[in-house]
Structures are given as structure tokens and as C-alpha cells.
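Worksheet: the structure to be examined is printed underneath.
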Amino acid sequence: MRPNKVQDFSFHHLIRGIILIGFMLLLFKLLLTNNISLLIAPKMIRFIYFTLFICLILGVLLIIRGTSGKDHSYHCDCDGDHTYPSSFGKSVFLYLLFIIPITTGFLFSNNVLGSSVAMNRTIKLGANSQPPKQNSVLNNSSSKIQSSSNPNNSNNTQSVLDNQPEPLTQKEYDALKNKILKDNIINIDDNQYVNIMNIIQDNLNAMIGKTVTTKGFVYREKEFMQNQIIVARFGITCCVADASVYGMMAKGEVAALPKDKWVQVTGKIDQTQFNGETIPVIKINQLSKITAPQQPYVFDVGIKIE
């Protein structure tokens, strides 16, 4: 066993306590402004409250140790090197790795994912899609087919915790499918965004000629013609790190639309070929520019196993 090392670690305790408190305050700010919903799925927010509490307790304890004026012993019985940084320069480098992200979180506004991120993600328009089976949590559908949402939801002021729908039962999914197959007008709802798009794709022949309304941001693939865009949305399961791009192709007078501009599109459903796959396409009858909704992301709710 290695002998104990008695050193003054007050500086390290104090800085680490301040970092934890800073991280706690950043989380509190995001919760207070509801901007946390731009980073994680609403159903994950309950874990943020737990993290908030733990960071506060640990931060306070470290600050108390760092300001107590007492020397603290450090010992470790393992073979690894777990010592504190041995020089001022190493300490500054280590702690800046945590301080800079926390500081930028306070200084800069939140940014919604857009085309610059979408171009680095896979966008599948037309893959066969079966709704995922799951117990009680959200799960990404294996296919990324897609479109946009209900215009009324942009003014939704309900709690962020209520913004993420629950998974459907198989009976509920079948009822939704039957309703869409019967209706001649389809308004894609944010709450069931992915499920509706899966139903449209899997029953494309029956959907041709129906009128659909969808909204999202403008995204273009490099090989697109001037009259083609994808009306796209980002769908998340847990956080923006696992965000997937969902969208439906639309054709019309869209050459002048800048990328990332939010639009609402209404038109007839048709089919086309893209990358060797048959996918739905909207022949635009009406297009309007809109502001981004309060909750720009959608959630793949899937189907719950009963």
C-alpha cells in the first residue's frame, strides 16, 4: 500500500466546487427558460432535476472543504495515477475544459439544429418502416421517412414535461392507420409525426392523390433540382446527440427558398424515385413561410408492448 500524501488541495476543491455550482446554475437556467427542451427529450427532464440536486450538494461540500483552511490527506490503494495536477499550467488546462462550456452556455443563445447538421446525418426517404416495439420508453424507428407537423402546436404553452407523447398501443396505431387511409385530407400532427409518416410510406399506393399539410425547415440534397426540397424535421429520442433527420420531398416553385427557412406546405401526395427507392413526394399547391415552432423537434413514440 502506498503511503498517504498530505498536501493542501484546497485550491482544487474550491475550483471543482465552483465548476459544479456553475454547471448546476446552467441547468437551472435552461429549466427556467424551457430551453432544456432544445437539448433533451422532455421525458428525460426528470433526471435533470436529480442531476441539479446532486451537483448542488457536491459543489457546496467541495467549496466548504476548499475554504476550511485544513490540509487534507490523499491516498489511493490502487495502481492507477489519480493525483491532482502537479503544476499550475496543467490545472488551468484541466479546469478550462469545464469552465469554457459552462461560460458559453450562459453567454450564447441556444441554436436549433438545421441544414448544417442534417447534411452530416443520414436521411432516408422511402425505406420500409415498421413502428418499433417498446415497453414504455421512446425508441427510434428503423426508417427515417418523414415530414412535419400541426400548425396549432407552435403556440403550445403547456409544460415541457407534457410535450412528449406516450407510445401508442397496437390498437391505437391501427386506429390511426385506418383513419389516415379513410381521410382524403391529412394534417401531419407533431405528436404522431413519425407514425403518420410511416403509415404514408407503407401504404403509399393508397395515399396517392390525398391532400397533405406538413411543415418543417428547408433542406436540399446536393443532387436535387431547383424545384425540389425536403420539408425536414429533427426527431430525437433522448437528446440532440441522437437526433435523426425526418422529411418529405416536395416539388414546386421553391428555388428562391433559402435553406433552414421554416415553411408550411400543402399539396397532393405522389410518388417518385430517389436513390433507387420509391418515396412519397408532395406536389405543392400552397406554400407559406412560417416562424419556427416553440418545440422544433419531434419524437418517435413508436408502439408500446401491452
Side-chain angles (χ1 to χ4, degrees), residues 1-122 140 160 234-245 259-260 296-297:
M1 184 177 69
R2 295 182 180 182
N4 289 354
K5 298 178 182 180
V6 180
Q7 298 180 28
D8 184 7
F9 297 125
S10 298
F11 169 77
H12 295 286
H13 293 153
L14 181 60
I15 294 300
R16 295 183 182 199
I18 292 174
I19 289 174
L20 285 173
I21 294 297
F23 184 60
M24 181 273 295
L25 291 174
L26 178 59
L27 292 177
F28 182 73
K29 172 210 170 188
L30 293 172
L31 288 169
L32 197 63
T33 59
N34 283 345
N35 287 331
I36 192 71
S37 62
L38 300 178
L39 302 174
I40 63 173
K43 295 299 182 182
M44 301 297 293
I45 291 180
R46 66 194 67 181
F47 300 108
I48 296 299
Y49 286 106
F50 176 76
T51 303
L52 199 76
F53 176 75
I54 295 300
C55 286
L56 176 61
I57 297 299
L58 293 179
V60 170
L61 290 176
L62 283 172
I63 290 175
I64 291 174
R65 292 190 69 184
T67 56
S68 65
K70 297 179 180 179
D71 290 339
H72 301 282
S73 63
Y74 167 81
H75 64 276
C76 179
D77 294 332
C78 65
D79 293 329
D81 185 9
H82 304 301
T83 59
Y84 287 86
S86 57
S87 68
F88 179 78
K90 290 182 179 179
S91 297
V92 170
F93 175 77
L94 173 64
Y95 295 131
L96 281 179
L97 294 177
F98 299 93
I99 293 173
I100 291 176
I102 293 173
T103 304
T104 55
F106 281 105
L107 295 179
F108 298 103
S109 59
N110 294 286
N111 184 43
V112 178
L113 299 180
S115 294
S116 60
V117 177
M119 65 185 299
N120 297 317
R121 305 290 175 96
T122 299
N140 266 347
V160 176
F234 275 95
I236 65 175
T237 301
C238 295
C239 64
V240 293
D242 62 31
S244 301
V245 186
K259 66 179 182 179
D260 293 325
Y297 306 135

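These numbers come from the heavy atoms of this one structure, side chains and all, not from hydrogens, waters or symmetry mates.
In this structure the side chain of Leu62 never reaches within 4.5 angstrom of the side chain of Leu14, judged on heavy atoms. Side-chain contact check for Val60 versus Leu20: every heavy-atom pair is 4.5 Å or farther apart.
The minimum heavy-atom distance linking Ile19 with Ile102 is given by the pair O-CD1, 3.5 Å. In terms of heavy atoms, Gly22 sits closest to Phe106 at O-CE1, 3.9 Å.
Here CD1 of Ile99 is found 11.5 Å from OG1 of Thr104. Values are rounded to the nearest 0.5 Å. In this structure, CD1 on Ile21 lies 5.0 Å from CD1 on Ile63, to the nearest 0.5 angstrom. Note that CG of Leu52 and CZ of Phe47 are 15.0 Å apart. Values are rounded to the nearest 0.5 Å. In this structure, the separation between CZ on Phe98 and CG on Leu96 is 11.0 Å, given to the nearest 0.5 Å. Separating the OG1 atom in Thr51 from the CG atom in Leu27 is a distance of 7.0 Å, to the nearest 0.5 Å. Residue Lys29 holds its NZ atom at 11.0 Å from CG of Leu25, rounded to the nearest 0.5 Å.
The aromatic rings of Tyr95 and His12 lie tilted to each other, with the angle between the two planes from 30° to 60°.
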Report task. Given side chain to side chain contact (heavy atoms under 4.5 Å, CB included), test Met24 with Leu58 step by step and report yes or no. Result -> CA-CA 10 Å; Met24 181 273 295; Leu58 293 179; over 6 Å; no

